[in-house]
Asks: 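Just dropping this structure here.
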Amino acid sequence: MATLLRSKLSNVATTVSNKSQAKVSGMFARMGFQAATDEEAVGFAHCDDLDFEHRQGLQMDILKTEGEPCGDEGAEPPVEGDIHYQRGDGAPLPPSGSKDQALGAGGEFGGHDKPKITAWEAGWNVTNAIQGMFVLGLPYAILHGGYLGLFLIIFAAVVCCYTGKILIACLYEENEDGEVVRVRDSYVAIANACCAPRFPTLGGRVVNVAQIIELVMTCILYVVVSGNLMYNSFPGLPVSQKSWSIIATAMLLPCAFLKNLKAVSKFSLLCTLAHFVINILVIAYCLSRARDWAWEKVKFYIDVKKFPISIGIIVFSYTSQIFLPSLEGNMQQPSEFHCMMNWTHIAACVLKGLFALVAYLTWADETKEVITDNLPGSIRAVVNIFLVAKALLSYPLPFFAAVEVLEKSLFQEGSRAFFPACYGGDGRLKSWGLTLRCALVVFTLLMAIYVPHFALLMGLTGSLTGAGLCFLLPSLFHLRLLWRKLLWHQVFFDVAIFVIGGICSVSGFVHSLEGLIEAYGTNAED
């Protein structure tokens, strides 16, 4: 009797467990995630085969390349880092974003015919992105966040490192032989794959819009910081900050004639080294005043109204996810990508935390939006001139990238292009295309003139696009594409990052916008 009772209870428990699992899996399937049970996996596999056949039919003109073997006979095995998804019939599926080409010199996607880079070179590129001159606004974040601001510098480094890794994981899938192969080659391709098959291009357009906003806002910040630094370096001159911004923009107009970044890229290393020297000078000055450090000013409480702005500033300083797919695709050993991400973000976390804390301890409540404005007049002028030179030389990089994205999205989509091509048959830039580029330079000037607030603009950009590209989209894409293979703690991390990132993004955007409106109203009264 006892055995029969235990058998019935076991059957009931199994039935309830299966029903619960079916309901949960069905719910996530309706949300767009992959199936979690074996029965649903069969159905989704059938849908995948149909989707593959549909895409294969649409892209036969791409598959039929000249001199390529169409069967298994004579076909070469895929090399390491191959982006083609090898099906059972041996026919490779081109990546969904293959029509988009390189941005600037390095390119959004890594070309296979280009020289590969080492892990150290890749780490140097990541360091350039997350250790740029925007760290000058981090002490201002400590002003409104105290010790919690320092914690956020560490937390943002950990999260951005993690989301960078899961973003790269979305580039890969297992083929029928169980081999992990690269089937996508860009952030845009990942986004399109998440929205397929109903909206195959929606995700890519969303990512492109976010990317354009971030790149243009970066250009605006370079103009703002140039005007701010020059105005505070020479306060005795009868030249306003707006006038300095106009002078800086006049020097940037030749960017409209750029066809590539070959002429500019040679200054990249010099600018980065100069920036590290400037950071060392600022820290050295702060250490010379260590006896006067105001430890009592660093609090555990936060300014509820202004702290969300600090979140955006910190997040924006870690933004690098846009070009990580290209960087990983160009590495000699892609397996070293995770290690490279670890040490670059650990180094960034340590250096940013020390720089922000030491600078705030030196000036405490007098900390300004751009920390070099707190330096004595003699040192400030020299340091700021170097920073302005770095800002002006850094401007062409995001500007050219924004132009490339705009041209490819609106002018180079073939029959789907919204406007005619910017280039003529001989490759020369048409006059109206040049006018559009000049208009973009002027737009960055107008924004810098009417919203000359470095920290607020940085916080707004970090909350709007930085949080989206670094927190929200990578975690969402990871859940969408790899749901069936994720462990419970990975799902928990992704959901937690998405929720926390969404809250920080909304609150930071609202408070940054309120701060800009308040600052604009104050300027209007003055």
Side-chain angles (χ1 to χ4, degrees), residues 123-124 126-164 272 275-290 292-303 306-321 339-375 383 387 454-455 458-459 462-463 466-467 470-471 497 500-501 504 508:
W124 181 254
V126 174
T127 300
N128 287 342
I130 62 179
Q131 295 274 37
M133 63 185 303
F134 296 117
V135 299
L136 299 176
L138 291 181
Y140 187 77
I142 304 299
L143 172 66
H144 299 299
Y147 285 110
L148 188 55
L150 286 174
F151 169 76
L152 277 177
I153 291 177
I154 301 173
F155 178 76
V158 173
V159 173
C160 288
C161 181
Y162 172 77
T163 55
T272 303
H275 181 65
F276 275 110
V277 172
I278 291 170
N279 285 349
I280 292 174
L281 291 176
V282 173
I283 293 177
Y285 176 81
C286 294
L287 292 176
S288 68
R289 295 184 54 188
D292 301 327
W293 281 358
W295 285 98
E296 70 280 0
K297 295 291 185 179
V298 187
K299 305 296 183 180
F300 283 97
Y301 67 85
I302 62 175
D303 187 334
K306 293 186 178 180
F307 181 67
I309 302 175
S310 303
I311 298 175
I313 293 174
I314 294 171
V315 171
F316 185 76
S317 69
Y318 280 105
T319 302
S320 65
Q321 270 72 1
C339 180
M340 180 272 295
M341 289 290 288
N342 289 337
W343 64 258
T344 52
H345 282 75
I346 290 173
C349 174
V350 173
L351 293 177
K352 288 181 179 182
L354 289 176
F355 181 85
L357 179 60
V358 168
Y360 176 73
L361 289 174
T362 303
W363 289 286
D365 293 338
E366 297 179 0
T367 301
K368 297 182 179 180
E369 292 186 6
V370 182
I371 195 60
T372 55
D373 290 342
N374 289 103
L375 292 171
V383 172
L387 284 174
F454 178 76
M458 189 174 170
S463 300
C470 294
F471 291 176
I497 290 173
I500 295 174
C504 294

Asks: Going by ring-ring contact (aromatic ring centres under 6.0 Å, His included), name the residues that satisfy it together with Phe471, two or more places apart in sequence or in a different chain.
Replies: none

Asks: Between Lys352 (side chain only) and Ala157 (backbone N and O only), is there a donor and an acceptor less than 3.5 Å apart?
Replies: no

Asks: Tell me which one of Asp373, Val282, Leu387 satisfies side-chain contact (heavy atoms from CB on, under 4.5 Å) with Leu136.
Replies: Leu387

Asks: Please round to the nearest 0.5 Å and tell me the distance separating atom SG of Cys504 and atom CD1 of Ile497.
Replies: 11.5 Å

Asks: Give the C-alpha distance, both sets of side-chain angles, the deciding distance and a yes or no for side-chain contact (heavy atoms from CB on, under 4.5 Å) between Arg289 and Leu361.
Replies: CA-CA 9 Å; Arg289 295 184 54 188; Leu361 289 174; over 6 Å; no

Asks: Tell me, please, which residues at least two apart from Lys299 pass side-chain contact (heavy atoms from CB on, under 4.5 Å).
Replies: Tyr301

Asks: Kindly determine whether Cys161 and Asn342 satisfy side-chain contact (heavy atoms from CB on, under 4.5 Å), including the steps that lead there.
Replies: CA-CA 7 Å; Cys161 181; Asn342 289 337; 3.5 Å; yes

Asks: Look at the rings of Phe151 and Phe155 and say which category their plane angle falls in: under 30° parallel, 30 to 60° tilted, over 60° perpendicular.
Replies: parallel

Asks: Heavy atoms only: give me the nearest Ile142-Gly149 pair and the separation to one decimal.
Replies: CD1-C, 3.8 Å

Asks: Is Phe307 close to Leu152 at the side-chain level, that is, under 4.5 Å between some pair of heavy atoms?
Replies: yes

Asks: Roughly how far apart are Ile346 CD1 and Ile154 CD1, rounded to 0.5 Å?
Replies: 11.5 Å

Asks: Heavy atoms only: give me the nearest Leu150-Gly353 pair and the separation to one decimal.
Replies: CD2-O, 3.8 Å

Asks: Using side-chain contact (heavy atoms from CB on, under 4.5 Å), reason through Asp365 and Leu143 one step at a time and then give a plain yes or no.
Replies: CA-CA 7 Å; Asp365 293 338; Leu143 172 66; 4.1 Å; yes

Asks: Which heavy atom of Gly462 sits nearest to which heavy atom of Val315, and what is that distance?
Replies: O-CG1, 4.0 Å

Asks: So, does Trp363 use its side chain to make a donor-acceptor pair with the main chain of Cys286 at under 3.5 Å?
Replies: no

Asks: Distance-only, no hydrogens or angles: does the Tyr360 side chain make a donor-acceptor pair with backbone N or O of Leu138 under 3.5 Å?
Replies: no

Asks: So, the side chain of Thr344 versus the backbone of Gly123: is there a donor-acceptor pair under 3.5 Å, distance only?
Replies: no

Asks: Is there a side-chain contact (heavy atoms from CB on, under 4.5 Å) between Phe316 and Cys470 once you walk through the steps?
Replies: CA-CA 9 Å; Phe316 185 76; Cys470 294; over 6 Å; no

Asks: Once you round to the nearest 0.5 Å, how far does CG of Leu375 lie from NZ of Lys368?
Replies: 10.0 Å

Asks: Mind listing the closest non-hydrogen atom pair of Ser463 and Gly312 along with its distance?
Replies: OG-CA, 3.6 Å

Asks: I'd like to check the side-chain contact (heavy atoms from CB on, under 4.5 Å) partners of Ile283; sequence neighbours left out, ordered by chain and number.
Replies: Leu287, Phe355

Asks: Any non-hydrogen side-chain atom of Val135 less than 4.5 Å from a side-chain atom of Asn279?
Replies: yes

Asks: Show the nearest heavy-atom pair for residues Ile314 and Ala156, with the distance to one decimal.
Replies: CG2-CB, 3.8 Å

Asks: At what distance, to the nearest 0.5 angstrom, does CG of Asn374 lie from OH of Tyr140?
Replies: 12.0 Å

Asks: Which heavy-atom pair separates Tyr318 from Ile130 by the least distance, and what is that distance?
Replies: O-CG2, 3.5 Å

Asks: Starting at SG of Cys160, measure out to CE of Met341 and round the result to the nearest 0.5 Å.
Replies: 8.0 Å

Asks: Look up atom CD1 in Ile313 and atom NE2 in His144, then write down how far apart they are to the nearest 0.5 Å.
Replies: 7.5 Å

